[in-house]
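Have a look at the structure below, then the notes.
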Amino acid sequence: MIARVILEIALGKDFDYLVPTELENVVQVGSRVKVPFGPRYVYGFVSELAEKSFYPELKPIAKVVGEHSVINAQILKLARWIADYYCCAPEIALKSIVPKAVRREKEGWHQQLFVRIVPYGKPDFKLTRRQLEILAIVEEYRELPLARLLELAGTTAATIKKLEAKGLVEISQQRLERDPYENETILPTNPLPLNPEQQQAFDLIQKAVREEYSNIFPPERRSKKDSSLSLRPAPVFLLHGVTGSGKTEIYLQAISEALEQGKGAIVLVPEISLTPQTVERFKARFCHGKLQTSVAVLHSHLSEGERHDQWHRIREGRAKIVIGARSAIFAPVSPLGLIVVDEEHEHSYKQEETPRYNARDVAVVRGMMDGAVVVLGSATPSLESYYNAKRGKYILLKLTQRADNKKMPVIRVVDLRSSHKGIPIFSPQLKEAILQRLEKKEQVILFLNRRGYSTSLQCPKCGYVAECRNCSVALTYHRQCEKLLCHICGYEEKSPTVCPNEKCKNPAIRFSGFGTQKIEEELKRYFKNATVSRMDSDTMQRKDDYRQILTEFRTGKIDIIIGTQMIAKGLHFPNVTLVGIIYADLSLHLPDFRAGERTFQLVTQVAGRAGRGDVEGEVIVQSFTPYHPAIQFARRNDYEGFYEEEVHFRSQLYYPPLSHAAMITFRGHNEDKVRIFADYFKDAMVKKWKINTDSMGLIKPQGDASGGERKNCPTDQLFNDLIVAGPAPAAITRTHSFYRYQMMLRTKKMATLSRKLAELLQHIKPLKDVTITVDIDPVSLI
Ligand code: ADP
Ligand code: ZN
């Protein structure tokens with residue numbers, strides 16, 4: 001028998017090996033194996049078993065790692081899809097899918113010696129008093145770790161060994177599972193009766209989980225199967241529910257349904273909202289009753305050992321529910337009935353290193369492969385998902401009201417242009433509103449998406465601006481440490497007291513702009529009796545800081561929190577009645593076609609923190625562009641309106657969601673080399689693909705939002721809709737002392753483009769000093 005193996009060293013193709021007879025019953029698709037490769041050994045995954053190979057002389061597999069096949073054929077297929085779509089080698093995709101601790105040859109379990117009483121081991125000889133004491137302890141525990149026994153009895157291992165030799169106790173190796181949450185107590189909860197909107201949404205999801213598709217799909221889609229991926233027609237739902245509309249309750253009840261069907265579920269949440277409170281809501285529902293199962297939690301703070309144990313707990317079916325950040329989409333749940341992606345619009349689902357996958361999109365593909373129902377939930381769906389829902393690819397479910405009959409907060413926009421001197425941090429309206437809330441002993445959240453004290457240091461005399469020596473950005477002043485920091489690469493230097501320009505040395509250098517530190521200081525100055533706390537990545541250094549500050553806020557020890565996007569979502573504090581957005585324009589002017597969408601989402605999400613208790617909430621948004629659609633639609637809580645306007649704008653330029661984008665970045669220390677290589681790459685591409693020069697980003701395609709065919713396009717067969725923009729210097733040209741040039745390609749046929757790009761990359765001779773990265777469906781363009 002022959003095994004095709006995907007080797008861990010990135011070679012981009014499979015290699016054939018002989019399966020020795022003694023391993024024939026052990027090696028399976030998905031087995032992890034150690035094989036000879038040249039003079040050394042390497043690891044890999046078996047991707048296929050075959051009778052014959054084209055290659056005459058094959059080496060045998062040296063070893064199978066672990067007792068079970070580590071992944072199944074389904075996950076392997078998913079890895080291939082990721083490799084093809086995101087333009088990387090399958091082994092790179094597999095590295096993301098299977099955690100390091102699981103890939104290792106060394107047994108990953110933590111083993112410990114346990115001591116146990118041997119039943120009926122009554123001795124026919126006399127025991128010493130010491131031995132009797134020790135036996136009494138073991139008897140009391142029945143079984144306990146040897147180390148613990150030695151500690152309790154104040155004895156040595158040799159003494160216990162003697163007892164074992166006499167047949168009184170047994171010593172054995174056992175697994176010790178590392179559970180980061182073992183010591184918590186949780187109060188069980190029961191399903192809430194759903195309100196009519198929730199019920200309507202849930203009914204459809206429930207039917208889908210039960211595979212009663214007839215009421216869900218139109219007839220023509222029911223029979224449609226894509227045989228190349230052997231896809232099953234489980235539907236994808238887009239649950240668009242305003243903040244606090246009870247989406248989580250629907251997820252919980254849908255998971256129950258999956259468990260009823262004997263299947264498991266994966267719940268993805270953004271890393272930042274994977275708080276103990278979130279996890280507890282899921283554990284509390286499934287820690288009791290007939291559907292009881294344990295909930296595995298996967299996040300980036302797990303130790304390697306913990307990750308290993310959680311992974312196997314899932315694989316063995318001891319945990320049927322998995323909740324986690326991005327990479328939890330690869331959890332070995334089988335059979336899988338449901339995937340929930342909460343806050344599906346979040347950019348943190350995109351991995352910003354190879355493989356550059358978006359967990360939300362992988363969820364949809366995995367759902368098809370596993371026949372699992374997918375629920376994407378958000379108060380502010382991404383344009384991509386909403387577009388898919390409008391086209392009938394996803395099924396749209398709406399929750400327009402808050403679940404507990406709480407009113408949506410009133411949003412007021414304050415025009416900062418009317419203030420006369422400089423940029424006021426607090427408009428009179430905001431100041432007054434804060435005062436009123438404090439008087440009533442209510443709480444306030446203020447949001448500013450910029451940390452630090454001042455955004456830049458400038459000399460008014462000679463014009464000097466303190467810039468990072470590695471990046472083309474200004475340094476931010478941090479007052480507490482008296483330093484200038486780069487928010488991109490972390491470079492820091494001491495803050496100067498006079499202008500560093502040798503010829504100037506002006507002592508009156510000026511700090512301009514403001515960040516959260518300055519707001520905190522100003523708040524303390526204005527509102528002397530209030531307790532103010534700041535939440536940003538400068539104050540949240542340790543793992544527990546976050547939890548601690550939120551507990552203090554919950555118990556009313558803090559009156560005002562000022563924070564960055566860390567506070568924008570998920571928080572549920574009934575006593576927060578006022579939310580202030582200090583400067584809404586910050587995300588609006590980024591050189592990114594999603595700037596408007598980002599701003600709309602931020603304002604809506606931040607506003608959603610207000611009025612979650614009995615008192616109606618109020619939101620104040622400060623802006624210099626108060627009439628910008630992103631701000632106005634957010635103010636009116638009009639997602640649909642925003643969507644229509646934004647899609648119209650995107651269609652003019654053939655941006656996603658009308659097309660898919662691929663961003664190719666060229667990076668190197670020498671700017672000339674980077675530019676020349678980028679141009680050379682483009683020329684080679686144009687020639688090889690026979691691209692019509694009309695498509696070089698110069699034409700404005702007559703895109704239409706319904707996805708109809710566009711006329712007067714370039715003629716090439718493969719890419720009759722390709723648009724090429726660039727290469728041009730990236731918005732921040734230099735970061736980490738690398739110059740970056742970017743080229744953006746847009747087409748509807750991304751799968752084809754990915755394949756062509758992979759071929760092209762093979763074909764073009766790389767330049768030593770310039771690296772190329774390909775980012776498919778990029779979310780960050782800066
Ligand atoms: P979302 O996930 O949409 O932001 P949540 O699920 O957090 O909303 O719900 C907001 C609040 O409403 C929570 O306190 C939740 O317990 C409550 N809630 C949800 N569904 C119901 C319901 N059917 N009846 C009463 N309260 C509900
Ligand atoms: Zn820098």
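Keep in mind that what you see is a predicted model, and the values were worked out from it rather than measured. Atoms within each ligand, like the ligands themselves, are counted from 1 in listed order. Residue numbers run from 1 in the order of the sequence given.
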Exactly which residues line ligand 1, taking a heavy atom under 4.0 Å from it as the test? L192, P193, L194, N195, Q198, V242, G244, S245, G246, K247, T248, E249, R281, A403, D404, H572, R612

Not counting sequence neighbours, which residues clear side chain to side chain contact (heavy atoms under 4.5 Å, CB included) with P496? List them please. L457, L484, P500, I509

Can you list the residues that meet the side chain to side chain contact (heavy atoms under 4.5 Å, CB included) rule with N388, with sequence neighbours excluded? R391, K393, Y394

Mutual orientation of the aromatic rings belonging to F600 and F642 [parallel < 30°, tilted 30-60°, perpendicular > 60°]: parallel

Short N-O contact, E260 and K290, less than 4.0 angstrom: yes

State whether the side chain of R285 and the backbone N or O of N190 hold a donor-acceptor pair below 3.5 Å, judged by distance alone. yes

Let me know which of R360, E597, Q601, E343 forms a side-chain hydrogen bond (donor to acceptor under 3.5 Å, both in side chains) with S382. R360

Can a cation-pi geometry be assigned to R326 and Y349, taking NZ or CZ under 6.0 Å from the six-membered ring centre and within 45° of the ring axis? no

Which residues and atoms, protein N, O or S only, are under 2.8 Å from the Zn ion (ligand 2)? C468 SG, C471 SG, C486 SG, C489 SG

Strictly under 6.0 Å, is that where the ring centroids of H736 and H669 end up? no

Would you confirm whether the ring centroid of Y477 sits within less than 6.0 angstrom of the ring centroid of Y453? yes

